[in-house]
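To start, the structure under review is shown below, and the notes come after it.
Counting starts at 1 for both ligands and their atoms, following the listed order.
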Amino acid sequence: MSVTITFLGGASTVTGSKYLVQHEGKRLLVDCGLFQGYKQLRLRNWNPLPVPPDQIHAVLLTHAHLDHSGYLPLLAKEGFVGHVYASRGTRDLCRILWPDSGHIQEEDAAFANRHGFSKHAPALPLYTRQDALNALPLLKAVEFDKTISPMPGWKASFSPAGHILGASSILLEVAGRRILFSGDLGRPDDLIMSPPDDAPQADTVLIESTYGDRIHPKEDIPAELAPALQRVAKRGGVAVVPVFAVGRAQALLHAIHLLKMKGELPTSLPVFLDSPMAVHTTHLFEDHPGEHRLSHQDTRALTHNATMINSTDESKALASRHGPMVILSASGMATGGRVLHHLAHYAGNHRNMIILTGYQAPGTRGATLASGAKSVRIHGRDVDVNAEVVQLESASAHADANQLLAWLRTMPQPPDQVYVVHGDPGPADMMRSRIKHELGWRAVVPEHGSTWPT
Ligand SMILES: [Zn+2]
């Protein structure tokens, strides 16, 4: 009997990654992500899967980002009892991200109930913090490059993919077919993550295409950051930096450390990391040497050269300090979290600066600020924006189109079939076309919910 793959997410969109592999009545999911972003996508999280969760035998996770792992607490709540295989870094990050995701969903449901705009009465969270805690024991850590057997006759091995701590590509072997899942691929020149390993031989490949239609400028966060921070330090201002807790926060801390070492920034410039999740993630870099580019000294510097802020009281106390100083705080697109308080407090003063890092999705406050808006709505009131707004070009954690193709070219032989996933329709189709014309391989962009042979 053949091996099939059903695209339950990550098909013509960047979120909700879920790939169901079936053979002779056995079922395995690669990735188990939440849909995020626009409302019509988020509503998909409420649709039942086509297969009851108790009939899925195992899950393999490429990495911890919620659009790849965040549906797992719901899968477990609805009856999944198998193992969830993941690298050690991914397991450790899931322990941070899942309970936080449950907490946010409880808060969102409570907010909808207070304002009466939910169709459900009362609005319910997709899952709670407790549901997320209940799912954590299912996680089973695997070593990179060791073959595991998630069930009899099935084999899988994980290899480093760059991107974020623990991120993996996964090679799955069943019934003589070798299926390669790229996961999210990092960029070869990432400041803190190692480049992805070469792609192994496979019959079928699923490749991500987040930036399938784009070429990044050369990655140089310190060079971009230096003049901005020098300006704000000179005028005694405060730089507020909305950051993604996992990955980019650490890259920025490291960049600031490098600039201080080179004498391009005063060593006395105070730096604060105000996000408990980012603080936890930063400590994980010490637990996982060898999975990133940072030396032991560099890793120690991440936690020692910035003041780590955990409690909300400490966070509030930052408002009474004067510049110059740098505050890194989540979330990265200013959609929520503590950074909102800092923006509300500092955005009005022209001596201050707001530094945006990485992709700012349409509709977010980050995108509003990037567009040069003179005011932004925070906690129900309009806040004047007089601070200088700077957008970093080089803080992406994803490979660009040329780097994705270069990774495919590392395969020892062409595969039979490539499925282009994890991209909006435009970038995904551009990647498909380049694979077809530049590599001469068969490639398709599968539709959401469709089933294909491997
Ligand atoms: Zn990711």
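- The number of heavy-atom neighbours closer than 6.0 Å to CD of Gln297, taken from other residues, nucleotides and ligands shown, is 12 or below.
- Separation of the His254 and Phe285 ring centroids does not fall under the 6.0 Å cut-off.
- The Zn ion (ligand 1) has His63 NE2, His65 ND1, His163 NE2, Asp184 OD2 as protein N, O or S atoms under 2.8 Å away.
- Atom CZ of Arg300 has 12 or fewer neighbouring heavy atoms from other residues, nucleotides or ligands inside a 6.0 Å radius.
- For Phe7 and Tyr419, the gap between ring centers is short of 6.0 Å.
- Gln417 and Arg442 share a side-chain donor-acceptor pair at under 3.5 Å.
- The aromatic rings of His398 and His163 sit tilted relative to each other, their planes meeting at an angle between 30° and 60°.
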